[in-house]
Each structure stands twice: as C-alpha cells, then as structure tokens.
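Predicted model only: the values in this text are computed from it and were never measured. Lettering of chains follows the sequences in order, A, B, ..., and the numbering in each one begins at 1.
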Amino acid sequence: MSWAFLRDLLSGVNKYSTGIGRIWVAVVFMFRLLVYVAAAENIWKHEHDEFECNIKQPGCENVCFDHFFPVSHIRLWALQLIMVSTPSLLVVFHVAYRENREKHHNQKLYRNPGKIDGGLLCTYLISLILKTGLEIVFLVLFYKLYDGFKIPRLVKCDIKPCPNTVDCYISKPTEKMIFLYFLVATSCLCIVLNLSELSYLIFKYSIKCYLKRDMKKQQ
Amino acid sequence: MDWGALHTILGGVNKHSTSIGKIWLTVLFIFRIMILVVAAERVWGDEQDDFVCNTLQPGCRNVCYDHFFPISHIRLWALQLIFVSTPALLVAMHVAYRRHEKKKQFRKGDQKCEYKDIEEIRRQRFRIEGSLWWTYTSSIFFRLVFEAVFMYAFYFMYDGFRMPRLMKCNAWPCPNTVDCFVSRPTEKTVFTIFMIAVSSICILLNVAELCYLLVKFFLRRSRKAGNSKQQPNHENKEETKQNEMNELISDSCQNTVIGFSS
C-alpha cells in the first residue's frame with residue numbers, strides 16, 4: 001500500500017472528468033504527489049534527530065519538539081493529499097452503481113453511464129465542493145497550528161522538565177519554508193481549478209436546461 | 001507515485017515527438033533522473049549529519065547548515081526535473097483531446113472517418129501540424145525557460161558550481177567565527193558539474209528541436225504558397241472560356257429576341 005494506490009485511483013477518476021478535472025489530476029500528480037515523494041519527504045525525514053536544544057537535561061528536547069510540532073508538516077501534507085483525492089471516489093462509485101443497475105435490469109437504462117448528467121452531475125458537483133472545502137480546511141489548519149506559514153530557526157521552550165527557558169533549533173528551516181509555500185501555492189491553484197470547474201458545470205447545465213424549456217414552450 | 005510513474009506518463013508523449021524530442025526524453029531519463037535516484041541521492045543522503053562545525057555550541061551546526069544551504073542541491077534538481085517534464089503534459093492533453101474528437105466522429109458513423117475501429121484511433125500517431133504544432137512548440141519553449149531559470153537559480157544561490165570544503169560561519173548562536181566542514185565536497189562538485197553539463201545538453205537539444213520545427217513550418221508555408229500560385233492560371237483559363245460561352249448565349253438570345261420582335 002503506497003502512493004501508487006492513490007495514483008491508480010486518480011487515473012480511474014480521470015475517465016469521467018471534464019477537461020478542467022483532468023488538469024486538476026495532472027496538477028495533483030506532478031506538483032503535489034511527485035514533489036512530496038521525490039523531494040519533500042526527505043527534508044522532514046530526520047526532523048526529530050536534528051532538532052537540537054541548548055541543554056543536557058534528558059527529556060527536554062522530546063517535550064519541546066512535541067510542544068512545537070503537535071503534527072508534523074509532512075504528515076499534514078500527506079493527510080491533505082489523501083483527503084483531497086477521496087471525494088473523486090464518489091463519482092467512481094456512482095458510475096459503477098449505474099453500470100450495475102444496467103446489468104441487473106439487463107437493458108440500456110442510460111445513454112452513457114459515464115456521462116455527467118442527471119444524478120451523476122449532482123454527485124460530481126458535491127465531490128467538487130467537498131474537495132474545495134477540504135483544501136481550505138487544511139490550509140486553515142496549517143495556518144492556525146504553525147502561526148502562519150513561517151518556520152523559525154529558533155524556538156524558546158520552558159516546559160517541564162526543561163529548567164528555565166531553553167533555546168531549541170529547528171533543522172533546515174529555510175528549505176522547509178520554501179516547500180511549505182510551494183504546498184500552499186499548489187493548494188490555492190487546485191482550489192481555483194475546482195471553483196472554475198464548478199462554475200463551468202453549473203453554467204453549462206443551466207444553459208442546457210433553459211434551452212430545453214424554451215424548446216418545450218415553443219412546441 | 002515516483003519517477004517510474006512520470007516515465008509512464010511521458011512515454012505516451014514520446015510517440016508523437018520528433019526524433020530530437022525522443023533523444024531529449026532518453027537523455028532526461030537515463031542521464032538525469034536515473035543518476036539522481038541511483039547515485040546523487042546517496043551522495044547527499046548524509047549531508048546534514050556529516051556537516052560538522054568546530055564548536056560544541058548546541059544549535060550552531062543547524063543554523064550554519066541552514067544559512068549555507070537554503071535549499072539542498074538534490075531538492076533543486078528534483079524540482080527542476082519535475083518542472084521541465086511538465087510541459088510535455090500539454091502535448092499529451094492535446095493528443096488525448098484530438099483522439100476523443102476522432103472517437104466521437106467514429107461513433108457518430110461519420111463517413112469521412114477513415115478508421116476501421118476504435119483501437120486504430122487509440123494506436124494512431126498524430127503528425128505535428130496545425131494546432132498541435134503550436135502546443136508542441138510552446139511546450140519546448142517553456143522547457144527551455146524552466147531549464148534556464150533553474151540553472152541561474154543554482155548559480156546564484158551557490159555562487160558558482162563548486163562545493164567548498166570549508167565554510168566560515170558566524171550566525172547566532174555560534175560564538176565568534178566557526179569553521180564548518182561539508183561532507184564529500186569533491187564528489188558533490190563532480191555530480192554538480194555532471195548535472196549542469198547534462199542540463200546544457202538538454203537545452204541545446206531543445207533549441208535544435210525548436211529550430212527544426214520552425215524551419216519545417218516555414219517550408220510547409222512556402223510550399224502551400226507555391227501551390228496556390230499555380231492554381232490562378234487554371235482559374236483564368238476557365239474564366240475566359242465561361243466568358244466566351246456567355247457571349248455566345250447572349251448573342252443567340254439577342255438574335256432570338258430580334259427574331260420575335262420582327
């Protein structure tokens with residue numbers, strides 16, 4: 001079980017997406033998943049070992065690290081990637097349900113089970129709203145947990161068992177900050193793509209509905 | 001998800017590339033990505049652990065390392081490779097869009113469609129002309145821009161391409177000036193120069209491919225212009241014939257009218 005599973009999942013979703021949806025999948029693959037696996041993971045690999053406090057008191061480093069990093073950036077990033085890709089499963093399930101229904105009734109119930117119309121359109125719109133919502137939730141979480149998107153070089157810690165105030169130094173803060181900004185930028189790009197896809201679909205189908213009603217009135 | 005997946009994605013684009021494009025892709029995968037994964041990552045693997053400063057002051061090593069390596073070489077190369085591979089996706093998307101259109105035509109039973117089945121459409125190789133030419137050329141242009149930007153960023157950040165053995169650091173909390181020693185500086189310099197050399201080769205290949213595409217475009221245009229110049233001669237001959245026919249008809253009409261009136 002690894003990121004390859006997510007990659008296969010997203011490739012499956014690609015079949016039923018609009019053009020903007022396919023661009024979203026490409027952005028998630030290339031700029032988020034690949035950057036995470038190829039570059040970002042290694043930066044945070046030894047973050048605990050390299051976290052150094054100016055003290056010999058046993059336990060102080062552990063306690064300070066735990067206080068300043070309740071959930072590591074890299075784990076939040078991984079969670080974000082998984083959560084943001086999951087709503088697309090709703091669309092896959094719905095299409096599978098449609099195909100199952102056709103098989104069960106042994107007749108063609110839908111012109112094309114993979115085409116985005118009717119119930120599948122609602123499912124697709126819901127998945128887009130969920131994706132956008134989750135992206136925003138994680139960005140806010142990052143902001144709140146780490147007081148903005150900065151990573152300081154030095155943090156001052158005075159939790160027991162550290163005697164008085166102790167200087168603790170974070171490893172590779174500049175590199176971590178650069179990748180954090182990269183994460184935020186790609187998240188914002190994905191939010192923009194999701195919102196444009198949402199507006200495009202709503203616009204397209206309201207025009208379709210309006211034209212149908214117009215034709216019916218004329219008849 | 002790893003470099004293997006990128007290989008699968010870009011392998012699909014390979015079919016529709018020019019020969020120079022295929023060479024570029026091979027150079028990218030063998031001399032850059034493979035070298036990065038198999039060798040360079042090991043060389044830089046212990047970069048912070050073996051970065052040693054001549055002081056016992058806790059935190060000094062961390063701060064000095066962060067000061068001299070804002071972003072590690074290996075991460076910069078990984079980002080460079082990702083950005084440089086991305087424009088090829090534009091071509092992949094355009095080809096997929098064309099295939100989709102052809103499949104739609106085929107399904108509608110269009111008699112203009114010359115394919116026997118959907119499999120043939122899937123296997124078909126598209127020629128680089130029309131809108132695909134523009135997409136392909138822009139992707140090469142973006143590739144060039146990204147390569148150049150990253151090479152400049154490298155040069156700017158590390159003040160050249162050499163890895164020094166010793167760095168003098170006086171960032172707080174280091175007391176006074178402290179000597180810090182980089183691990184494996186010669187091996188890192190060798191790999192840095194190798195990666196820069198291969199980047200330059202890729203830039204040259206991209207420039208050559210761009211020139212080739214432009215030359216092909218202008219040749220095709222001049223051929224079309226040459227063809228359209230020959231056609232007006234035929235049109236003139238036909239026009240004169242039609243004019244003669246019209247005169248004959250009008251003469252005979254006039255004669256008939258005169259005949260009736262009298």
Sub-6.0 Å ring centroid separation between B:His73 and B:Tyr158: yes
Non-hydrogen atoms of chain B under 4.5 Å away: do they reach the side chain of A:Tyr36, the backbone, both or neither? neither
Please name the residue in the list B:Trp3, B:Phe83, B:Phe154, B:Phe150 that meets the ring pair (Phe, Tyr, Trp, His ring centres under 6.0 Å) test with B:Trp77. B:Phe154
What part of A:Leu154 gets closer than 4.5 Å to chain B, counting heavy atoms only: side chain, backbone, both or neither? side chain
Hey, is B:Cys180 close enough to B:Cys53 that the SGs sit under 2.5 Å? yes
With a 6.0 Å cut-off (strictly less than), is the heavy-atom count around CZ of B:Phe181, excluding the residue itself, greater than 12? yes
Worked check of salt bridge (charged side-chain N to carboxylate O under 4.0 Å, His left out) between B:Glu147 and B:Arg32: CA-CA 13 Å; B:Glu147 291 270 22; B:Arg32 296 175 83 176; 2.7 Å; yes
If you count heavy-atom pairs under 4.5 Å with chain B, which of A:Ala26, A:Pro173, A:Gly19, A:Cys53 comes out on top? A:Pro173
What are the two closest heavy atoms between B:Cys169 and B:Phe68, and how far apart are they? CB-CE1, 3.8 Å
Which one, B:Trp172, B:Phe69, B:Tyr97, leads in non-hydrogen pairs under 4.5 Å with chain A? B:Trp172
Looking at B:Glu47 and B:Arg75, is there a salt bridge between them, counting it only when a charged N and a carboxylate O are closer than 4.0 Å? yes
Show every ring-ring contact (aromatic ring centres under 6.0 Å, His included) that has at least one partner inside residues 24-43 of chain B, sequence neighbours left out. B:His7-B:Phe29
Just wondering, are more than 12 heavy atoms of other shown residues or ligands nearer than 6.0 Å to CE in B:Met167? yes
Answer key: most heavy-atom pairs under 4.5 Å with chain A among B:Pro173, B:Ala78, B:Ala92 is B:Pro173
Taking only heavy atoms into account, what residues of residues 40-49 of chain A are found under 4.5 Å from chain B? A:Asn42, A:Ile43
Chain A contact via B:Leu89 - side chain, backbone, both or neither, heavy atoms under 4.5 Å: side chain
Does any backbone or side-chain atom of B:Ile71 lie under 4.5 Å from a heavy atom of chain A? Answer side chain, backbone, both or neither. both
All heavy atoms of B:Pro58 vs all of A:Tyr169, minimum pair found to be O-CE1, 3.3 Å
Who wins among B:Gln48, B:His67, B:Glu41 for the most heavy-atom pairs under 4.5 Å with chain A? B:Gln48
